Amino acid sequence: MAVRALLALSVLAYLGAADLTQDWTGPNQVEQPNHARPHIIFIMTDDQGFNDIGYHNTDIHTPTLDRLAAAGVKLENYYIQPICTPSRSQFITGRYQIHTGLQHSIIRSRQPSCLPFGLRTLPQRLQEAGYATHMVGKWHLGFYKRDCLPTRRGFNTYFGSLTGSVDYYTYKSCDGPKVCGFDLHDGERVAWGQGGRYSTHLYTQRVRKILAAHDPSSQPLFIFLSFQAVHTPLQSPKEYVYPYRRMGNMFRRKYAGMVSAVDEAVRNVTYALRKYGYYKNTVIFFSTDNGGQPLFGGSNWPLRGRKGTYWEGGVRGIGFVHSPLLRRRRRVSRALIHITDWYPTLMRLAGGNVSQAEGLDGFDMWDTISDGKESPRFEILHNIDPLYNAARHGSLKNGYGIWNTAVQAAVRVGDWKLLTGNPGYGDWIPPQMLGNFPESWWSLERHTEAKKSLWLFNVADDPYERFDLAERRPDVVKQLLARLSFYNRTAVPVRYPSEDPRADPSRNGGAWGPWEGDGENWEPFYIKKKKAKKQKRKFCKMKSFFRRLNIRIMSNRI
C-alpha cells in the first residue's frame with residue numbers, strides 16, 4: 001500500500017509539479033507466495049523482432065508459442081534493451097545498465113569485462129532459496145576470468161557459448177578478422193566433441209536431459225534457456241526453411257525457418273515438462289532480448305526502428321507467461337513491464353525476500369501478471385550512454401539548461417517517451433518480402449531528421465512514434481529531462497575497457513575462454529585439449545564443412 005501511495009503521489013507530482021527528483025522506481029517489497037515453490041523455466045530468444053511471432057504476424061508459423069501465449073498472459077507493453085549484453089545483464093541483476101557500468105554497447109569477446117563481482121545475481125539468490133539452477137545457451141556477459149563464468153555467477157550447471165555470436169553447427173566465433181575460436185562449453189570445460197549439431201536442437205536436448213535427471217518433487221528447478229537463435233548467422237536445417245519457400249526475400253525466408261525451429265524446441269521442452277511431472281507446478285516465461293534486425297531478416301513492423309536503437313522497434317519486446325498457477329489466464333496484459341522486473345518477480349515465486357536495501361530497479365510483477373492488478377511500474381529508464389557518438393546538433397541549451405541533448409538517452413514516464421542524442425536508425429521498415437533486397441528498400445518509407453537531437457512521443461496514443469510533440473509540449477519535455485538528470489546522478493562509471501590481445505583463441509588452444517590469471521593457469525588446459533582432440537577436430541571440421549555446404553545449396557534453392 002505504501003508503494004502504491006508513493007506512486008500515486010508521484011503521478012500527481014508529474015502532472016503539476018516542476019520538481020521530479022523523487023524516485024518513482026524504487027523496488028517494492030516481495031511477499032511470500034501462497035503456493036508451493038514452482039519450477040521456473042525462463043526462455044530467451046536472440047534478436048526476435050516484434051513482428052516475428054505468429055500471434056503478431058500470421059506469415060510466421062509458431063503454433064506452440066501461439067498456444068502457450070493464448071493460454072497464458074501476453075505481455076503487450078513489455079520492454080527490453082536494444083542489444084544483447086544490456087538485456088541479459090538487466091535480467092540477471094534486476095538493475096539498469098547505469099547501475100552496473102554496462103551502459104555502453106556490448107561486452108566484446110576480447111574485453112576484460114563482465115558482470116560486476118559485487119552484485120548478487122538472480123540465480124545466486126535462487127540457489128539461496130533452495131533452487132537447483134541451470135543455464136543452457138548464450139551467456140554474453142563476459143568471461144575474461146574464471147569468476148565471470150556462469151558456474152561462478154549462480155548456475156549449478158552451464159552448457160552453451162560465452163561469446164555473442166557463433167556458427168550454429170561448428171560453434172566457431174570471430175571477434176574481428178582472423179581472431180576466431182571454438183566456443184561451446186560444458187561447465188568450465190570446452191565441449192570439443194559436441195560440434196556439428198544445430199545449436200537449437202543441441203540446447204533443447206540438454207534441457208530435456210536436465211528435466212529427466214531431476215526429481216521434481218525433491219527440489220524446485222530454475223532453468224534459463226538462452227537460445228542463440230535467431231541471431232546471425234542465418235542458419236537453419238532445410239526442413240524449417242521449406243515451408244517459407246514462397247517468401248521472395250531469402251534472408252527473411254531463412255530467418256523465419258530459424259523462428260520455426262525455436263517453436264519446435266519450445267514444444268519439446270513443454271512436452272518434457274509434462275512427461276517428467278513438472279508442468280502443473282511450473283511457470284514458463286518467454287522473452288526476446290532485443291528488437292529484430294531487418295538487415296538480416298528480422299521485422300519489428302509496424303514499430304519504428306530496429307535492433308540497436310531506442311525507438312520502439314529496438315526496445316519493445318515479445319513476451320508472455322504461461323502457467324497453470326496463473327489466476328487469470330487467456331488474456332492480454334498491457335501493464336508496463338520491464339526486463340529488470342523479472343528479478344524480484346522470480347524471487348517472489350521462489351519464496352525469497354527482496355528488500356529495498358538491495359537497490360534493484362525492478363518491481364515484483366506477479367500480481368500484475370497473475371491477477372491482472374495495476375502495474376507498480378510508472379516509468380522506465382531505457383538508458384543513458386555517455387560514450388555513444390554525440391549528436392551533432394545537441395547541446396545543453398537545446399535541453400533547456402537541464403540536460404545536454406547531444407547525449408544518447410531515452411526515458412519513459414507514464415505514456416510519455418523522450419529521446420535525446422542519436423537514438424539510432426529511425427525508419428519504419430515493412431516486412432521484407434522483396435526478391436531484390438536491399439536495392440528496393442529505397443521505395444519503402446524513409447525518414448530523416450538530420451538536425452534533431454530531442455523527440456517526445458505519447459506512446460499510448462502513438463505507439464509507432466510518428467508524431468513528435470517536443471515543440472508542442474515543452475512542459476513535458478522539461479519534466480522528462482529532469483528525470484534523465486536525476487538518473488544520471490545515480491550512474492556508476494562506464495565499464496568499457498580496451499581489448500586484451502591475450503584473449504586471442506590462438507593463445508588458448510583454439511577456444512574462447514578465460515585468459516586473465518585468477519590463481520589457475522588456463523593456457524596449458526586448452527593446449528592439452530587441442531593436442532588430444534587434434535585429429536578428431538580435423539574430421540569434425542570436414543564433416544561440418546560439407547554439412548554447411550549442403551545446407552547452403554539447399555537453402556538457396558528454396
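Predicted model only: the values in this text are computed from it and were never measured.
- Taken from CD1 in Ile107 to CG in Leu102, the straight-line distance is 5.0 Å, to the nearest 0.5 Å.
- Between Phe50 and His56, the ring center distance clears the sub-6.0 Å criterion.
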Might you work through the ring-ring contact (aromatic ring centres under 6.0 Å, His included) test for Tyr198 and Tyr169, ending with a clear yes or no? CA-CA 5 Å; Tyr198 189 59; Tyr169 292 96; 5.4 Å; yes

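- Between Thr121 and Arg152, the side chains place no donor N or O within less than 3.5 Å of an acceptor N or O (distance only, hydrogens not considered).
- A donor-acceptor contact under 3.5 angstrom links the side chains of Thr157 and His134, judged on distance only.
- Between atom OG of residue Ser89 and atom CD1 of residue Ile339 there is a gap of 8.5 Å, rounded to the nearest 0.5 Å.
- Listed for the Thr204 side chain is no donor-acceptor partner under 3.5 Å among the backbone atoms of Asn268.
- Formation of a donor-acceptor pair under 3.5 Å by the Ser173 side chain with backbone atoms of Gly181 is not found in this model.
- Closest heavy-atom contact between Pro344 and Asp341: CD-O, 3.3 Å.
- The heavy-atom pair separating Trp512 from Cys180 by the smallest distance is NE1-C, 4.2 Å.
- Geometrically, Arg253 does not engage Tyr244 in a cation-pi contact, judged by NZ or CZ lying under 6.0 Å from the ring centre and within 45° of the ring axis.
- A salt bridge links Asp289 to Arg88: one of the charged nitrogens lies within less than 4.0 Å of a carboxylate oxygen.
- Residues Ile80 and Ser287 form a side-chain contact, since some pair of their non-hydrogen atoms from C-beta on lies under 4.5 Å apart.
- Heavy atoms only, all atoms of each residue included: Thr200 and Ala261 are closest at CG2-O, 3.8 Å.
- For Tyr240 and His201, the distance between ring centers is under 6.0 angstrom.
- The backbone N or O of Gln228 lies less than 3.5 Å from a partner atom in the side chain of Tyr168, making a donor-acceptor pair.
- Across every non-hydrogen atom of Gln103 and Pro386, the tightest pair is CG-CD, 4.1 Å.
- When atom types are taken as modelled, the side chain of Asp263 and the backbone of Val259 share no donor-acceptor pair closer than 3.5 angstrom.
- Counting only heavy atoms from C-beta outward, the side chains of Thr232 and Gln293 never approach each other to under 4.5 Å.
- Between Arg108 and Asp175, at least one side-chain nitrogen of the basic residue sits less than 4.0 Å from a carboxylate oxygen of the acidic one, meeting the salt-bridge criterion.
- Under the 30°/60° scheme for interplanar angles, the aromatic rings of Tyr487 and Tyr96 are found to stand perpendicular.
- A side-chain contact (heavy atoms from CB on, under 4.5 Å) with Ile223 is found for exactly one of Ile284, Val269, Leu211, Thr133, namely Leu211.
- Taking the six-membered ring for Trp and the full ring otherwise, the centers of Tyr79 and His338 sit at least 6.0 Å from each other.
- Side-chain contact between Ser105 and Pro86: absent, with no pair of heavy atoms (C-beta onward) separated by less than 4.5 Å.
- Relative orientation of the Trp515 and Tyr144 rings is tilted, given thresholds of 30° and 60° on the angle between their planes.
- Annotation for Arg153 and Pro116: closest pair NH2-O, 2.8 Å, computed over non-hydrogen atoms.
- Residue pairs meeting the salt bridge (charged side-chain N to carboxylate O under 4.0 Å, His left out) criterion with at least one partner in residues 176-185, sequence neighbours excluded, are absent.
- A cation-pi arrangement is present between Arg306 and Tyr425 under the rule of less than 6.0 angstrom and at most 45 degrees off the ring axis.
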Run Thr490 and His99 through side chain to side chain donor-acceptor pair (under 3.5 Å) and show every step you take. CA-CA 7 Å; Thr490 71; His99 297 147; 2.8 Å; yes

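- Ring centers of Phe91 and Tyr343: at least 6.0 Å apart, outside the cut-off.
- In this structure a side-chain-to-backbone donor-acceptor pair under 3.5 Å is present from Asp385 to Tyr388.
- Listed for the Trp311 side chain is a donor-acceptor partner under 3.5 Å among the backbone atoms of Gly424.
- Counting only heavy atoms from C-beta outward, the side chains of Asn300 and Ile429 never approach each other to under 4.5 Å.
- Looking only at side-chain heavy atoms (C-beta outward), Glu358 and Arg120 come within less than 4.5 Å of each other.
- Asp52 and Arg252 are joined by a salt bridge, as a carboxylate oxygen and a charged side-chain nitrogen come within less than 4.0 angstrom of each other.
- Checking side-chain atoms of Tyr158 against main-chain N and O of Ser161 turns up a donor-acceptor pair under 3.5 Å.
- In this structure, the separation between CZ on Phe224 and CH2 on Trp139 is 8.5 Å, given to the nearest 0.5 Å.
- Figure legend: cation-pi geometry between Arg489 and Phe486 absent, as NZ or CZ is not positioned both under 6.0 Å from the six-membered ring centre and within 45° of its axis.
- Nearest approach of Pro123 to Phe222, heavy atoms of both residues: CB-CE2, 4.4 Å.
- The backbone N or O of Asp147 sits nowhere less than 3.5 Å from a side-chain atom of Lys145 that would complete a donor-acceptor pair.
- Between Gln127 and Tyr131 there is no side-chain heavy-atom pair separated by less than 4.5 Å.
- Take Cys84 and apply the disulfide (SG to SG under 2.5 Å) test, not counting sequence neighbours, and it matches no residue.
- The closest donor-acceptor contact from the side chain of Gln81 to the backbone of His382 lies under 3.5 Å.
- Using a 4.0 Å cut-off between charged side-chain N and carboxylate O, Arg146 and Glu516 make no salt bridge.
- Using a cut-off of 4.0 Å between Lys/Arg side-chain N and Asp/Glu carboxylate O, Asp361 and Arg95 are scored as not salt-bridged.
- Checking Phe42, Phe286, Phe285 one by one against Phe320, the ring pair (Phe, Tyr, Trp, His ring centres under 6.0 Å) holds for a single residue, Phe286.
- Distance check, rounded to the nearest 0.5 Å: NE2 of His231 to CG of Asp46 gives 5.0 Å.
- For the pair Leu122/Met347, a side-chain contact is recorded, criterion being any heavy-atom separation below 4.5 Å from C-beta on.
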Let me see the working for Phe159 and Gln194 under side-chain contact (heavy atoms from CB on, under 4.5 Å), right down to the final yes or no. CA-CA 11 Å; Phe159 181 70; Gln194 297 285 352; 4.2 Å; yes

Please lay out, stage by stage, how Asn488 and Trp403 fare under the test side-chain contact (heavy atoms from CB on, under 4.5 Å). CA-CA 10 Å; Asn488 196 49; Trp403 179 258; 3.7 Å; yes

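- Taking the ring centroids of Tyr310 and Trp455, they lie at or beyond the 6.0 Å cut-off.
- Proximity of a side-chain donor or acceptor of Thr288 to a complementary backbone N or O of Gln48 within less than 3.5 Å is detected.
- For the pair Asn422/Lys452, no side-chain contact is recorded, criterion being any heavy-atom separation below 4.5 Å from C-beta on.
- Using a 4.0 Å cut-off between a side-chain N of Lys or Arg and a carboxylate O of Asp or Glu, Glu465 and Arg304 do not qualify as a salt bridge.
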